[in-house]
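Inspection log for the structure reproduced underneath, given as structure tokens.
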There are 2 protein chains.
Amino acid sequence: MKDNFLNYNNYVSVDCVVLGYNEVENKLQVLLIKQKGPAPNTAELFKPQYAIPGDLIKEDESLDEAAARILEDLVNVKGLFLEQFYTFGHPDRVKDPKDADWLSTRRKDPLARVITVAYLALVRIDQINPSAGYFAEQIAWRSIKKIPKLAFDHNTIVAKALDIIQAHPEQHLVGRELLPNKFTLSQLQNLYEVIQNKELDKRNFRKSIKNNEYLITLNEKQKGVLHKPAQYYAFKKLKK
Amino acid sequence: MKDNFLNYNNYVSVDCVVLGYNEVENKLQVLLIKQKGPAPNTAELFKPQYAIPGDLIKEDESLDEAAARILEDLVNVKGLFLEQFYTFGHPDRVKDPKDADWLSTRRKDPLARVITVAYLALVRIDQINPSAGYFAEQIAWRSIKKIPKLAFDHNTIVAKALDIIQAHPEQHLVGRELLPNKFTLSQLQNLYEVIQNKELDKRNFRKSIKNNEYLITLNEKQKGVLHKPAQYYAFKKLKK
DNA sequence: ACAAAAGTGTTTTAGATACACCCATGC
DNA sequence: GCATGGGTGTATCTAAAACACTTTTGT
């Protein structure tokens with residue numbers, strides 16, 4: 001039982017898989033940061049890697065608050081869909097030699113394990129303004145189909161996030177975050193197709209979503225398009 | 001960024017919601033422990049509470065290994081269904097005065113936050129042999145419908161575990177853990193009814209499970225029962 | 001022969017799938 | 001008038017739900 005008096009030296013972090021939807025190209029992308037060197041303009045001493053944004057938790061904040069803080073610092077947007085999905089804590093997850101360099105500049109004990117609680121965030125790429133700065137030298141959006149090698153076990157974390165969003169049955173929750181306030185049924189269908197990674201039949205799609213009824217028909221149509229203008233829709237407010 | 005050199009003092013624990021199925025009474029129960037006093041036979045100085053089994057993680061073990069260790073120490077069974085489901089880390093989750101007493105005997109810093117990674121385990125009550133000992137003064141099974149007030153935020157943790165098992169669509173995974181190697185369709189139906197907390201129609205139930213096909217028909221029947229003997233079935237092996 | 005649980009089919013309903021043409025607009 | 005994406009209906013199949021009686025055994 002004495003053991004309990006020791007086991008105290010755990011770093012705990014929150015990492016965010018930020019998925020952004022690019023409506024124009026109809027792609028899902030992940031927000032990556034390029035790790036910062038130990039001090040400004042010393043980046044050349046370093047081999048910076050791409051990583052997902054994350055940070056150690058602060059003493060007085062909950063995990064949800066930490067995730068919101070990281071997201072806010074990075075993308076300058078509040079109140080988005082944000083959900084904890086898994087915790088990664090293998091003792092070796094920060095022991096890869098490729099990561100030693102970065103850790104040595106950031107940790108009192110660079111060899112100590114880091115347990116990380118992973119969150120999934122959904123954002124509209126066109127609506128946010130990610131800023132390199134506190135967290136990163138640079139930020140970059142990368143298609144979920146072409147994710148580079150990432151720091152630590154971040155590839156595993158991203159893969160798990162993608163599994164989860166694809167398994168998620170209540171996709172209108174996802175739609176709420178990734179579409180503008182008013183949108184056409186084609187926009188909605190495109191989004192669902194990207195998430196599910198398959199094509200959907202237009203008529204069947206419209207039938208099924210009109211049954212499930214989380215949509216309201218606005219009384220506004222597209223203007224200035226060179227084809228039949230589409231009806232705009234919006235999501236019903238969620239009760240509770 | 002200096003903050004990172006501080007945030008080191010986190011206790012990390014793993015807590016296990018052990019759900020046991022009692023086939024005879026057809027009930028789902030949760031395994032609870034009664035907290036141990038600071039030393040043998042000093043329990044009377046204490047107000048021991050019920051809690052779910054958990055422990056701080058050790059330096060060299062993964063979260064999954066910690067969960068398996070806790071479960072093994074407690075119920076003397078290996079290799080059961082065991083799944084991480086959520087991490088609880090609110091700064092106040094161990095700050096309730098009711099818990100101060102226990103913490104003061106177990107922690108170098110009794111006020112430090114404890115982040116706990118929660119696991120769900122499924123066991124057949126008749127197959128295991130939980131032992132009071134290392135973890136607990138006593139152990140107790142309690143029906144999921146009558147769970148007492150527990151230490152820390154353990155009521156919240158148990159509630160979340162129950163949500164998850166009920167939402168879980170692949171219930172045959174659950175069945176594998178909670179039924180004997182050979183079983184009748186009525187046994188399977190009883191289990192599903194308890195988990196879903198509703199009655200199922202016998203004919204429809206049999207139709208649906210025979211479609212989904214994860215069962216094999218054994219060539220053995222019940223013996224010595226005072227009614228028509230039932231056919232035995234088994235689960236197909238899962239391929240990886 | 002009776003008590004007890006096992007076992008079995010049909011009908012109805014709702015949702016999923018497959019599939020092809022006309023419509024409104026800008027240029 | 002033509003190019004562009006928007007919008008619509010029907011037929012078929014599959015899955016879910018509702019519902020009642022006969023069978024096999026032990027005593």
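A, B, ... follow the sequence lines: proteins, then strands. Residue 1 opens every chain.
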Q: Report the distance from atom CD of B:Gln196 to atom C1' of D:dA16, rounded to the nearest whole Å.
A: 13 Å

**Q.** Pair A:Glu193 + A:Lys198: basic N to acidic O under 4.0 Å
**A.** no

Q) Which part of the nucleic acid, if any, lies within contact of B:Gln222, taking any heavy atom under 4.0 Å across all strands shown: a base, the sugar-phosphate backbone alone, or nothing? A) nothing

(Q) Which residues pass the side chain to side chain donor-acceptor pair (under 3.5 Å) test with A:Gln29, not counting sequence neighbours? (A) none

Q.
Rounding to an integer number of Å, can you tell me how far A:Asn204 CG sits from D:dA11 P?
A. 15 Å

Q) Between B:Arg203 (CZ) and D:dC21 (P), how many Å, whole number? A) 10 Å

Q: Starting from P on D:dG5, measure out to CG on A:Asn26 and report it in whole angstrom.
A: 13 Å

Q) OP1 or OP2 of D:dG6 sitting under 4.0 Å from any side-chain N/O of A:Ser186? A) yes

Q) Base, sugar-phosphate, or nothing for B:Ser208, non-hydrogen atoms under 4.0 angstrom? A) nothing

Q | Distance, rounded to the nearest Å, where B:Tyr232 contributes OH and C:dG7 contributes P | A | 11 Å

(Q) At less than 3.5 Å, do the side-chain atoms of B:Lys207 and the base atoms of C:dT8 form a donor-acceptor pair? (A) no

Q: Give A:Thr184 one of three labels, base, sugar-phosphate or nothing, depending on what nucleic acid heavy atoms sit under 4.0 Å from its own.
A: nothing

Q: Give a yes or no on whether the ring-centroid distance for B:Phe205 and B:Tyr192 is below 6.0 angstrom.
A: yes

(Q) Looking at B:Lys98, I want to see if its NZ is surrounded by more than 12 non-hydrogen atoms of other residues, nucleotides or ligands under 6.0 Å. (A) yes

Q. Can you tell me how far P of C:dC23 sits from CD of A:Gln231, to the nearest Å?
A. 18 Å

**Q.** Aromatic contact, A:Phe88 with A:Phe152 (centres under 6.0 Å)
**A.** no

Mind listing the N/O atom pairs, protein and nucleotides 25-27 of chain D, below 3.5 Å?
residue	atom	partner	partner atom	Å
D:dT25	O2	B:His227	N	3.3

(Q) Given the structure, check if the side chain of B:Asn211 and the base of D:dA15 hold any donor-acceptor pair shorter than 3.5 Å. (A) no

Q. What's the CG-P distance between A:Asp201 and D:dT12, to the nearest Å?
A. 17 Å

(Q) Between B:Glu177 and B:Arg124, does any side-chain N to carboxylate O distance fall below 4.0 Å? (A) no

Q. Rounded to whole angstroms, how far apart are NZ on A:Lys202 and P on C:dC21?
A. 14 Å

Q: Determine which pairs satisfy side-chain hydrogen bond (donor to acceptor under 3.5 Å, both in side chains) with at least one residue from residues 19-28 of chain B, sequence neighbours left out, and list them in order.
A: B:Tyr21-B:Asn26, B:Asn22-B:Glu25, B:Glu23-B:Gln187, B:Glu25-B:Lys27

